[in-house]
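Since the structure comes first, as structure tokens, the remarks are kept for the end.
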Amino acid sequence: MTVDQPDPRPDHRPEVTPGTPRSAPPVDPVSKYPIEIPLQSQPAPGLASELVPPADHGERSWVGNGRLDGRRALITGGDSGIGRAVAIAYAREGADVAIGYLPSEQSDADEVAELVREAGRTCILLPGDVGHEETARGIVRDAVAGLGGLDVLVLNAARQTFVANLEDLSSEQWAETMNVNVNAPFWQMQEALPHLQPGASVIFTSSVQAYTPSAGLVDYATSRAAVNTMSKSLAQQLAPRGIRVNAVAPGPFWTALQVSGGKDPEQLPYHGQKNPLKRPGQPVEMAGAYVYLASEESSYTTGNTLSVTGGAPTP
């Protein structure tokens, strides 16, 4: 969706102008985003622009308040889903952003860039597969060069493929999942570290799958648990340098990941209905966690995992 097109989302989400004060009354979280998901599929990695119904990434609903003025952020997986929502929110909060994404997701990335630039901020587009070490490291180097430095690193890119039976989980898929979900954050964190000054924030994306894994996501759940632990170990190491490291653990969210092999297709219409809020989350509902962890409001928060799961319990 581009800014010139009409918004296809429900009327109960009013249009907002970035910078205007929030004045809407509280909304029942159960009914805030009524959603019916038809059976559908896309080839991996999927496009946000083709989701039915469209997801809310904050295109018309996120209001910025200058909480990240002057920050420079790299967001991997920033073209769609949670990464897209974070990029929009960061820009409207005053940050310049670089987004990493797969080349096949160029159309989604172009939409994000338009929204970021509409907010008056810089957007650096960095296509490439972070499952390859040199590409992953090169994205960091290019982000630093394009933004003139780095204050926030959001390690969000991930691969998720549903496989019902362990016998069908190939060694190739296992290796690809670990390269994108575990090795890439390590490579990119290592590459970024010389550029991170005291006050910088690193945010990993973990998952509720790290705590309550689904039977058909053995490799993905394992990788999310590894990321969760990596973030906590790095937080201990980097605290003396004034660099905070945290993770965010999303629950079931409505993103292109779900329709491009990340979920049992037959279960798609029931996505998120088992959690206490009885619905999947919208990507914009994750953005606030990432804004908080990047901002001065979380200056005493490091080594934590912030769960946003619609009520699904986590430790």
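Because only heavy atoms are used, hydrogens play no part in the values below, and waters and symmetry mates are left out as well, while side chains stay in.
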Is the closest side-chain heavy-atom distance between Val218 and Leu169 below 4.5 Å? yes
With clusters defined by side-chain heavy atoms of hydrophobic residues (ILVMFWY) lying less than 4.5 Å apart, directly or transitively, does Val180 cluster with Val163? yes
Could you go step by step and tell me if Ser295 and Leu68 meet the side chain to side chain contact (heavy atoms under 4.5 Å, CB included) rule? CA-CA 6 Å; Ser295 74; Leu68 300 177; 3.9 Å; yes
Side chain to side chain contact (heavy atoms under 4.5 Å, CB included), that's the test. Do Arg92 and Leu115 meet it? Break it down for me. CA-CA 9 Å; Arg92 292 185 183 169; Leu115 289 161; 4.2 Å; yes
Hey, is Asp96 close enough to Arg72 for a salt bridge, meaning N to O under 4.0 Å? no
Atom of Pro213, atom of Gln209 and distance for their closest heavy-atom approach: CA-OE1, 3.2 Å
A side-chain contact here means heavy atoms from C-beta on lying under 4.5 Å apart; do Thr309 and Asn275 qualify? no
Looking only at atom types and distance, does a side-chain atom of Asn246 sit under 3.5 Å from a main-chain N or O of Asn304, one as donor and one as acceptor? yes
I'd like to know if Glu36 pairs up with Arg279 as an ion pair, taking the criterion as any Lys NZ or Arg NE/NH1/NH2 lying under 4.0 Å from an Asp or Glu carboxylate oxygen. no
Can you name the nearest heavy-atom pair linking Pro103 to Gly128, along with the distance? CD-N, 3.8 Å
Establish whether Ile99 and Ile139 are linked, either directly or via other cluster members, by ILVMFWY side-chain heavy-atom contacts under 4.5 Å. no
Can you confirm whether the side chains of Arg159 and Gln173 place a donor and an acceptor under 3.5 Å from each other? no
Quick one, Val208 and Ser307 - any side-chain contact, counting heavy atoms below 4.5 Å? no
CZ of Phe204 to OG1 of Thr229: how many Å apart, nearest 0.5 Å? 11.0 Å
Could you please spell out the steps behind the side chain to side chain donor-acceptor pair (under 3.5 Å) verdict for Asn228 and Thr305? CA-CA 7 Å; Asn228 208 36; Thr305 300; 2.6 Å; yes
Mark yes or no for whether His271, through its side chain, and Gln258, through its backbone, hold a donor-acceptor pair below 3.5 Å. no
Drop me the distance from Phe162's CZ to Tyr220's OH, to the nearest 0.5 angstrom. 14.5 Å
Test item: Glu114 side-chain N/O and Val112 main-chain N/O as donor-acceptor pair under 3.5 Å: no
Going by heavy atoms in the side chains, are Val130 and Thr135 under 4.5 Å from each other? no
So, the side chain of Arg84 versus the backbone of Asp79: is there a donor-acceptor pair under 3.5 Å, distance only? yes
Inter-residue atom distance Tyr101.OH - Ser107.OG, 0.5 Å rounding: 10.0 Å
Spell out, as yes or no, whether a donor-acceptor pair under 3.5 Å connects the side chain of Arg244 to the backbone of Leu293. yes
After noting the C-alpha distance and the side-chain angles of Tyr33 and Asp56, does the key distance pass the side chain to side chain donor-acceptor pair (under 3.5 Å) rule? CA-CA 9 Å; Tyr33 288 96; Asp56 182 4; 2.9 Å; yes
Side chains of Ser41 and Val259: closer than 4.5 Å at any heavy-atom pair? no
With rounding to the nearest 0.5 angstrom, report the CG to OG1 distance, Leu155 to Thr205. 8.0 Å
The test is side chain to side chain contact (heavy atoms under 4.5 Å, CB included); show your working for Arg241 and Leu193 and say whether it passes. CA-CA 10 Å; Arg241 304 192 206 181; Leu193 191 54; 3.4 Å; yes
Inter-residue atom distance Leu238.CG - Thr302.OG1, 0.5 Å rounding: 8.0 Å
Salt bridge Glu93-Arg71, side-chain N to carboxylate O under 4.0 Å: no
Please round to the nearest 0.5 Å and tell me the distance separating atom CD1 of Ile243 and atom CE of Met189. 6.0 Å
For Pro283 and Ala85 the tightest heavy-atom approach is O-CB, 3.4 Å
Just by modelled atom types, is the Glu167 backbone N or O under 3.5 Å from a matching donor or acceptor in the Asn165 side chain? no
Are any of the side-chain heavy atoms of Pro250 and Val308 separated by less than 4.5 Å? no
Would Leu257 end up clustered with Ile82 when hydrophobic side chains under 4.5 Å apart are linked, directly or stepwise? no
How far apart are the C-alpha atoms of Arg137 and Gln188, what are their side-chain angles, what is the distance that settles it, and do they pass the side chain to side chain contact (heavy atoms under 4.5 Å, CB included) test? CA-CA 5 Å; Arg137 292 181 180 274; Gln188 294 189 301; 6.0 Å; no
Could you pull out the closest heavy-atom pair between Tyr290 and Tyr90, with the gap in Å? O-OH, 2.9 Å
Indicate yes or no for a side-chain donor-acceptor contact from Ser214 to the backbone of Gly216 under 3.5 Å, with no hydrogens or angles considered. no
Side-chain heavy atoms under 4.5 angstrom apart, residues restricted to Ile, Leu, Val, Met, Phe, Trp, Tyr: same cluster for Leu147 and Leu125? no
For the pair Ser298 (side chain) and Tyr292 (backbone), establish whether a donor and an acceptor sit closer than 3.5 Å, ignoring hydrogens and angles. yes
If Ile, Leu, Val, Met, Phe, Trp and Tyr residues are connected whenever their side-chain heavy atoms lie under 4.5 Å apart, and connections chain through other members, are Val144 and Val202 in the same group? yes
A side-chain contact here means heavy atoms from C-beta on lying under 4.5 Å apart; do Thr161 and Thr177 qualify? no
What pair of heavy atoms forms the shortest contact from Ile37 to Pro280, and how long is it? CD1-CG, 4.3 Å
Strictly distance-based, threshold 3.5 Å: is any side-chain N or O of Thr76 a donor or acceptor partner for the main-chain N or O of Asn156? yes
For Val291 versus Ala89, what's the shortest heavy-atom pair and its separation? CG2-CB, 3.9 Å
Look only at the side chain of Ser61 and the backbone of His57, and say whether a donor-acceptor pair between them is shorter than 3.5 Å. no
